[in-house]
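Here is the structure we will look at.
In what follows, every chain begins at residue 1, and chains take the letters A, B, ... in the order their sequences are listed.
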Number of protein chains: 2
Amino acid sequence: MDLPASAFPSPVHDHQDCVRAALDAAEAKCEQRGARLTSLRRRVLELVWTSHEPVGAYALLDTLKSEGQAAAPPTVYRALDFLIEQGLVHRLERLNAFVGCPRPEASHSAQFLICTACGRAAELDDPAIGQAVRQGAEARGFSVGRQTIEVEGLCADCQGTLQKK
Amino acid sequence: MDLPASAFPSPVHDHQDCVRAALDAAEAKCEQRGARLTSLRRRVLELVWTSHEPVGAYALLDTLKSEGQAAAPPTVYRALDFLIEQGLVHRLERLNAFVGCPRPEASHSAQFLICTACGRAAELDDPAIGQAVRQGAEARGFSVGRQTIEVEGLCADCQGTLQKK
DNA sequence: GGGGCGATGTTATGTTGTAACAACCGTACT
DNA sequence: AGTACGGTTGTTACAACATAACATCGCCCC
């Protein structure tokens, strides 16, 4: 077996593959769950997947408006709420921004790595982390619900770039 | 040695002790660091310590204004920035709110437990958690900087209360 | 074809946070 | 005392993020 060298995609990856995979997975998951991935919701998901950088709600809104879509803040927030509900998008609390989930099939409580140099965010799905949090909390009698784990730092690519300078 | 049964204080603790201890520790730490704990900053810290529930910046602002203090948003945010800088206050990203640090002496990258029933937040200073995060991230070549770890759930007291019903 | 329901449109407003510049205040140096 | 300086606070204006409330649309089912 091979561990991923990085949670971040290669700088030269074919991002269209990411987008296609995400949309296909979304279609499948919504159908399976009986949820309606309308064209608006689908379009918002696609826009979130424009890159691996988390995107703000108002940036999405501007794009929608520039495409002639009737849109106001609730338009975007409702679509995002739906996508989060379905596990297709995550919200990054530190950034007030949203990022596509690369593995919507698996239900998970994810952790996020946020590169402060390139702005990208990657999802870490490390059971050991969730487990450590759960143990620490429960040892103090705390019953764990939702976990928010966001780590700022430098991705492997940016460490290399900065060193070369 | 005894582990703390809970990261949360007893519902019947003498909160004035918390406040006094926090202010004393703040005085000491600022003096040691050559930072100026002015009366405004001290007052904001005291207000943050009004309870163990995280408090929003605009709630602090309202209180200051009600006391006749000339105050606008920057008044509060600047004081909070200072207190955070000195490690006397933490910001909870999920809540956009602020809470006093109970152990400002030790430099730490803390984790927070947030009780969704009573609204209180408690600090967990569990090296194993930070270590697990660091390991998971570094195994993927990510260089870890600041960690944000916030866990929602039920504190021991609220679990008891809810069960009794 | 009418009722019901979920999705979207629309208007207005609430909440959180910051930029930019002016005024103040103590301290050190002259 | 005078004054130059840096850090703190006051003040105004605005930016960024998010939601409440109600109207309208469109589809499915009967």
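L92(B) places its CG atom 19 Å from the P atom of dT15(C), with the value rounded to the nearest Å. Rounded to a whole Å, the CG atom of L61(B) is 14 Å from the P atom of dT18(C). The distance between atom CG of D81(B) and atom P of dT8(D), rounded to the nearest whole Å, is 12 Å. Rounded to an integer number of Å, the gap from CG of D62(B) to P of dT15(C) is 10 Å. Rounded to a whole Å, the CG atom of L60(A) is 15 Å from the P atom of dA16(D). Distance CD (E93(A)) to P (dG17(C)): 12 Å, rounded to an integer number of Å. F82(A) has its CZ atom 7 Å from the P atom of dA7(C), to the nearest Å. Rounded to an integer number of Å, the gap from CZ of R94(A) to P of dG17(C) is 12 Å.
Put simply, Y58(B) does not rest on the base of dT15(C): the two rings are not both less than 5.5 Å apart at their centres and under 30° in tilt.
Atom OG of S143(B) is separated from atom CD of E152(A) by 12.0 Å, given to the nearest 0.5 angstrom. Separating the CD atom in Q32(A) from the CD atom in E105(A) is a distance of 9.5 Å, to the nearest 0.5 Å. To the nearest 0.5 Å, atoms CZ (R42(B)) and CG (L88(B)) are separated by 11.5 Å. In this structure, CZ in R94(A) is found 12.0 Å from OG1 in T148(A), a value given to the nearest 0.5 Å. Note that the SG atom of C115(B) and the CG atom of D157(B) stand 8.5 Å from one another [nearest 0.5 Å].
Distances from the side chain of A57(B) to the nucleotides dT11(D), dT8(D), dG17(C) place dG17(C) closest.
For E123(B) and R103(B), the salt-bridge test fails: no basic side-chain N is under 4.0 Å from an acidic carboxylate O. The pair R78(A)-D81(A) does not meet the salt-bridge criterion, since no charged nitrogen lies less than 4.0 angstrom from a carboxylate oxygen.
Map P73(A) and G56(B) each onto its nearest nucleotide of DNA chain C; the residue landing nearer the 5' end is P73(A).
Residue Q69(B) places at least one side-chain N or O closer than 4.0 Å to OP1 or OP2 of dG10(D). Regarding contacts with the backbone of dG17(C), a side-chain N or O of R91(B) is found under 4.0 angstrom from either OP1 or OP2. Put simply, Y77(A) has no side-chain N or O that comes within less than 4.0 Å of OP1 or OP2 on dT19(D). When the side-chain nitrogen and oxygen atoms of T75(B) are compared with OP1 and OP2 of dT11(D), none of them lie within a distance under 4.0 Å. Dashed line: the shortest gap from a side-chain N or O of N96(A) to OP1 or OP2 of dA16(D) is not under 4.0 Å.
Backbone-only contact: A70(A) has heavy atoms under 4.0 Å from sugar-phosphate atoms and none from a base.
A cation-pi arrangement is not found for R120(A) relative to F8(A), the charged atom failing to lie both closer than 6.0 Å to the ring centre and inside a 45° cone about the ring normal.
Grouping the Ile, Leu, Val, Met, Phe, Trp and Tyr side chains by contacts below 4.5 angstrom, directly or via other members, places V19(A) with L64(A).
Helical stems in DNA chain D, defined as runs of 3 or more consecutive Watson-Crick or G-U wobble pairs with both donor-acceptor distances under 3.5 Å, are listed by first residue as C:1-30 with D:1-30.
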Indicate for each nucleotide in nucleotides 21-30 of chain D, in 5' to 3' sequence, whether protein heavy atoms under 4.0 Å reach the base (B), only the sugar-phosphate (S), or nothing (-). B---------

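Under the 3.5 Å distance criterion, the side-chain polar atoms of Q86(B) are left unmatched by any main-chain donor or acceptor of A26(B).
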